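For reference, the structure discussed in these notes is given below.
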Amino acid sequence: MSDAAQAGTPRMNMIQAINSAMDVMMERDPNMVVMGEDVGYFGGVFRATAGLQAKYGKTRAFDTPITEIGIIGVAIGMGAYGLRPVPEIQFADYIYPALDQLVSEAARLRYRSNGDFTSPITVRSPYGGGIFGGQTHSQSPEGIFTHVSGIKTVIPSTPYDAKGLLIAAIEDNDPVLFLEPKRIYNGPFDGHYDRPARNWTAHPASEVPAGHYRVELGKAATVREGEAVTILCYGTMVHVVASTVEEMGVDAEIIDLRTLVPLDIDAIEASVKKTGRCMIVHEATRTSGFGAELAALVQERCFYHLEAPIERVTGFDTPYPHSLEWAYFPGPVRIGEALKKILKD
Amino acid sequence: MSDAAQAGTPRMNMIQAINSAMDVMMERDPNMVVMGEDVGYFGGVFRATAGLQAKYGKTRAFDTPITEIGIIGVAIGMGAYGLRPVPEIQFADYIYPALDQLVSEAARLRYRSNGDFTSPITVRSPYGGGIFGGQTHSQSPEGIFTHVSGIKTVIPSTPYDAKGLLIAAIEDNDPVLFLEPKRIYNGPFDGHYDRPARNWTAHPASEVPAGHYRVELGKAATVREGEAVTILCYGTMVHVVASTVEEMGVDAEIIDLRTLVPLDIDAIEASVKKTGRCMIVHEATRTSGFGAELAALVQERCFYHLEAPIERVTGFDTPYPHSLEWAYFPGPVRIGEALKKILKD
Amino acid sequence: MDAPRANLPPLSLHVPEPKFRPGDEADFSDVDVPPAGSARRPDTADKADSFHELAYTLIRVLDDAGQAVGPWNPRLDADALRKMLRSMALTRAFDERMFRAQRQGKTSFYMKSTGEEAVSVAATMAMASDDMCFPSYRQQGILLTRGYPLVDMMNQIYSNSADPLQGRQLPIMYSSKDYGFFSISGNLTTQYPQAVGWAMASAAKGDTRIAATWCGDGSTAEGDFHSAMIFATVYKAPVILNVVNNQWAISSFSGFAGAEATTFAARAIGYGIAGLRVDGNDALAVYAATQWAAERARTNQGPTLIEHFTYRTEGHSTSDDPTAYRSAGEPTAWPLGDPIRRLKDHLVAIGEWDEERQAAMDRECAEEVKRAQKEAEKNGILGHGMHQPFETMFEGVFEDIPWHLKEQQQQMIAERKAAGI
Amino acid sequence: MDAPRANLPPLSLHVPEPKFRPGDEADFSDVDVPPAGSARRPDTADKADSFHELAYTLIRVLDDAGQAVGPWNPRLDADALRKMLRSMALTRAFDERMFRAQRQGKTSFYMKSTGEEAVSVAATMAMASDDMCFPSYRQQGILLTRGYPLVDMMNQIYSNSADPLQGRQLPIMYSSKDYGFFSISGNLTTQYPQAVGWAMASAAKGDTRIAATWCGDGSTAEGDFHSAMIFATVYKAPVILNVVNNQWAISSFSGFAGAEATTFAARAIGYGIAGLRVDGNDALAVYAATQWAAERARTNQGPTLIEHFTYRTEGHSTSDDPTAYRSAGEPTAWPLGDPIRRLKDHLVAIGEWDEERQAAMDRECAEEVKRAQKEAEKNGILGHGMHQPFETMFEGVFEDIPWHLKEQQQQMIAERKAAGI
Ligand SMILES: Cc1ncc(C[n+]2csc(CCOP(=O)(O)OP(=O)(O)O)c2C)c(N)n1
Ligand SMILES: Cc1ncc(C[n+]2csc(CCOP(=O)(O)OP(=O)(O)O)c2C)c(N)n1
Ligand SMILES: [Mg+2]
Ligand SMILES: [Mg+2]
């Protein structure tokens, strides 16, 4: 047991950390509200808002009608009034009906009104596969939002980061899309779906302070230092990559982006210039995924340092197939093959 | 006057060519219908569907309620019945309300039903800036759709291609997003907004056969052959690039992609391997635009042939500003600077 | 935010709350249940605005004594009634068994329609077999009524090697064009405008087939619902728009879809289309209302919205436990009873059925389901290796496989070879 | 597609068609105009389902003789009436001048509200000055009524160096928090759920301020409209939902939004909220309905939908010519008259106004607008170089400028230097 844990820092899984972030913020800021389908009395289908209605009342944590347009549109109006809404979209696959309110409204409000109105909302949504959710409970739509000027996209990979980043997102005065990798809600996942699931307790980042702290938006984390290759990843993939690198004994530098927009370009550039190789791993479909932007940026900035083509390891350009989930998922084999290739190139 | 024109091939501008494509197809295929806001009696706010209602009747060319969800959702249902709907979204900026129907339904129907149902719809929509349309009549959202598996994205740059590609899109049994660069509806535009506008008559590609022909989807066009650098572009930018290259006297190879998904990777690869340099030009915002995917692909496939970093010349990551339209637009200056840089690198 | 003006009372936000929560005793005595036979039956050619009251009552045919009464009595012959009863019983047996299969780890997910069998079965019987259905995920009764093979449904649920959808879809997201059953979507209510579009196409072609669609009470809040209603009213589409008001949307009671203020059938009035509110646990009422709506549609009178007032007896799916958010007593206290028992009582009351035949039928259904299950499991269960070949993953994204998917297909094959799997 | 069944009549698709097209003589004699004063005025505490008939009639106060009659007469004093008249006249003068400015090439775009001035002006006067408005693009009357500086509106229209929105928005897409005027969006009806959200927030905070929103007849078809209605009814949000039924949406008549089947006010009935249908060219009726709805909202009775039945006298915007799709005679044949003339006639009829004062007022408004225009043009017109500094383009995307936008800002500056501009 680490010092922190001995000193009373509680252990939390990702759901608990996310719940704690909202609890802390609702305690501090009477204008913060949470809302969404089943988030009130029931506390959310993943329990992320459990207890908040009981503690803060029905006008601050409430169930909503099943209309994602309305959830985001109403949150924008509440934000314009002066509240700080944290709406939940039950699955990221269901964010598309709300896209116009997010893209044309939340993301554009500050700009088009010249700061007269703003949209300080944080949209939480579980995303990603690996839970046999089929094509409509598994998608990773983050790439779309990174193309939209005026919205920030944040994806945590540990309980500690989840809480700190969510607090930073809520405190941010711009709209933030906070995507939660649901595969690792209850434990880190190394991609070996056939091995027993682990929970968070053994992971150092499950030590989560009970109170308020922030993990700054726009700052990546170096998960592992290394010299052979830089691997850029986020969310569930951080764990799959780390374990694959470990198993293969590769001296890779693993960077957990944490925020996609704005990106921590300095960390990326410094690392790639050091290693001379860059691999990008995400679960989303390949074409025009965020990996494309990363590849474009890295070759623009590190061209003369690159010793091999930048490799993208991604989900395939198909819907997420139910029965072939593990053939779709970018797991240790796909990452391993790409690593072998990039180190050989 | 060219031979073709003498032989009676009519001259058409882009709107006329698009109109002619629909006319030809409605004549040939009794199942083809056009629909959308103001497309019926009035013939569309850009007149693209003019005359079709008078010729084919109200059940084949009709106005719709102002609900983009409904326009696409209804078109999908009609497609499932056996019709071949060509819905119009009045401006590409207004496609977001329909995103769920496009992404979760049209694009996924064939896959999720294992071919039991398909969605042979072609969604037409004017896109792009340069007409002082402000932030909601100027957007270029193509990048978003290229990330969605199951939908094709097509963008013409001349009247000839517009008609041939639109016919191919309508005949295609998969959903196609057909984006029309509205800046060049009436004439090619070289980016010099301060010079008098030209119309299409002098352009060879305004010779458009009156009847049926197809320009195959997935095939790029080499607009200019060259040795110094490969420039990948589409839509309005093809003309801006061509004129800038001309003015600067650069021996660039200009490739008009025409179809973004599926992409003509062979043409791109062959050209970049020949020139050793690659520049990408689009009007859409930079981050996670389709240029990112192109840059990623090119460096993956042509890494050892590249002599300089791939350059992206794009719109900025801001909404399209009304008064500063020409500072936003990737015009001759921005393209010229990038050309100088990539040739020097 | 400025200080509230002192001369005005402060505003307050109304947040709906269901009448009963866990621990409460469920008491539905304030639910207004009009007597069977009391609603009038307008002519199918009547104007939609001439029978608004039908959106606020409950059309009921079966009375407490098990008799079919009133103008909506469809006067079905006993064979038809027995077929209806059997399809409902089969649906329930199927649900029981597949729910259990999920619990046994044979698949990832299942959703029952317990207590709502009449809504899909009786409606299907009132339509022509080639009319097109755009269901949500809780109308498995349509397929079972139309005789779709149980084994194929199970193959789909198991995502196994014989799955007609090749393992691509979540369990229960069936699709069968041949049986007039549109591919179910995971995204709520998207099927609503699609159904209207299909119906519009049928009308534009001078066809005679109509469309029907179903969504839940909660799902009516989606923008797609509205767009469908607008298109349906504008073009007088020949479509039946069913709202299955089972009063719950996962953990949210129907008050969060607006049920505190009015009925779901009343939505129809807002669009100027015909609206009926039906006792959804009364199979004959469902049949009669559907038949009436179908006749309207077929005679170019346009769309009808039917609210089926029912109750979701069990959890939302295999993923939730309803006693965490509602009174455990609700399912039994619910006053409109069980649709299967009510139809059975009717058949018994008219001397066309008895307890023995009922028991035999139940056994038969259970057997049929069990046999099908055995058959289906020969083709594999989820996650046990018997699935479609890996390469198929890349088929059907487009009609033809483009180069980038072919490349990815090769990559996947190479990957599996490299890993020795 | 199979062959239609022979024993059934073929279906046919109904596609709405307006009564008059170019070349037709416009004849509105079948438009039902109930006499002024004939609609009852329920108590503001009455239940929404107790006055459904108000969604199907027209609330009218001004009769043909120019008298204010009936229970909805707001009994305003003459000063208030004159202020109302002047704000409407000013709106019209402003529209005339700015339309002309666009035609003169001074800006890219303009939209008039001619004939619809009462809808924004009278409604604004019936609300408190700190109530929050979420308008569409045709309610410039709100700003003019609240005394927002004309020069600032024009600066925005010209996208010039003094534009409060820094040239970022299309002309007329004003925004002013100080004047309770929410930033106008180019995307239709997005403001509807936002208004409901603002109102819900106000209620949650125990504030006293309410919200109001406006959209056009065509815009009611958007999914946002529905989501707003659902949220409004579920949480009894203190909000006034205005539908400006000017019967046209660009070239599409209101039949494409469902007006053939019922009224827009009837939508309210579908959600169980209060609905009123008002003569939108009768400023006193608009005032009275708004005041009534505001009182409901302020006393926690929830939302009201008000349909303002009016007519879009001119084109949709500077981009279209209405005679291409409708009868040129419509604007004059339209039976509800001109809202300015009707209010003027009333003031004259009650002896509080005369033609001379009217002419003087018109001159005054024209002068005021002209003066403001001169002032505004000192700050530049569109495309003539007097705009915000180029760097500002990158401000306000986020609260702070992130690195990638700073880089792009530098690129833009370098670009301009390279080009010598
Ligand atoms: C667009 C979208 N939003 C949210 C969900 C998640 N979800 C699935 S079912 C459901 C509840 C639906 O309730 P209801 O419409 O009443 O149908 P019922 O389950 O009662 O049959 C929700 C919120 C979804 N599938 N799609
Ligand atoms: C989402 C969206 N779709 C389409 C448009 C294009 N458009 C602008 S105004 C308009 C007509 C609106 O008509 P109506 O709501 O009746 O308002 P009115 O112009 O009559 O005031 C249309 C289709 C848009 N701005 N936004
Ligand atoms: Mg339900
Ligand atoms: Mg209108």
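Below, chain A is the first sequence line, B the second, and so on; all start at residue 1. For clarity, every value in this text was computed on a predicted model and none was experimentally measured.
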Quick one: what part of [X] sits under 4.5 Å from any heavy atom of chain C, side chain, backbone, both or neither?
| X | value |
| --- | --- |
| A/Asp38 | both |
| A/Phe91 | neither |
| A/Pro319 | side chain |
| A/Thr64 | backbone |

When C/His14, C/Met393, C/His387, C/Arg168 are compared by non-hydrogen pairs under 4.5 Å with chain A, the top option: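 It is C/Met393.
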With a 4.5 angstrom heavy-atom cut-off, could you sort out which part of [X] is near chain A: side chain, backbone, both or neither?
| X | value |
| --- | --- |
| C/Pro16 | backbone |
| C/Ile250 | both |
| C/Phe109 | neither |
| C/Ser12 | neither |
| C/Leu405 | side chain |
| C/Gln411 | side chain |
| C/Pro389 | backbone |

Using every non-hydrogen atom in the two residues, find where C/Ala249 and A/Ile66 come nearest and quote the distance to one decimal.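 In this case the closest contact between C/Ala249 and A/Ile66 is CB-CD1, 3.7 Å.
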Non-hydrogen atoms of C/Ser108 and A/His322 that approach each other most closely: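 What the structure gives for the nearest pair is OG-NE2, 2.7 Å.
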Starting at [atom1] of [X], measure out to [atom2] of [Y] and round the result to the nearest 0.5 Å.
| X | Y | atom1 | atom2 | result |
| --- | --- | --- | --- | --- |
| A/Ser323 | C/Gln156 | OG | CD | 10.0 Å |
| C/Arg326 | A/Tyr41 | CZ | OH | 12.5 Å |
| A/Lys58 | C/Glu17 | NZ | CD | 4.5 Å |
| A/Phe42 | C/Tyr325 | CZ | OH | 6.0 Å |
| A/Glu325 | C/Leu382 | CD | CG | 9.0 Å |
| C/Phe253 | A/Asp63 | CZ | CG | 9.0 Å |

Validation row: C/Leu170, A/Gln135 side chains within 4.5 angstrom (heavy atoms):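 Result no, sub-4.5 Å side-chain heavy-atom pair not found.
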Please examine the side chains of C/Pro171 and A/Phe132, heavy atoms only from C-beta on, and report whether any two atoms are closer than 4.5 Å.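 Heavy-atom side-chain distance check fails, nothing below 4.5 Å.
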In terms of heavy-atom pairs under 4.5 Å, which option from A/Glu37, A/Glu68, A/His137 contacts chain C the most?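 The residue among A/Glu37, A/Glu68, A/His137 with the greatest pair count is A/Glu68.
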Option that, when pairs with chain C are counted at under 4.5 Å, heavy atom only, ranks first among A/Ile69, A/Val333, A/Asp317: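 Of the candidates given, the most pairs with chain C belong to A/Asp317.
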May I ask you to check whether A/Thr287 and C/His404 show a side-chain donor-acceptor distance below 3.5 Å?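 No, no side-chain donor-acceptor pair sits under 3.5 Å.
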side-chain contact (heavy atoms from CB on, under 4.5 Å) assessment of A/Tyr94 paired with C/Asn187: CA-CA 7 Å; A/Tyr94 306 141; C/Asn187 292 49; 3.5 Å; yes
Going through the distances and angles, do C/Gln166 and A/Leu324 end up as a side-chain contact (heavy atoms from CB on, under 4.5 Å)? CA-CA 10 Å; C/Gln166 293 206 317; A/Leu324 301 181; over 6 Å; no
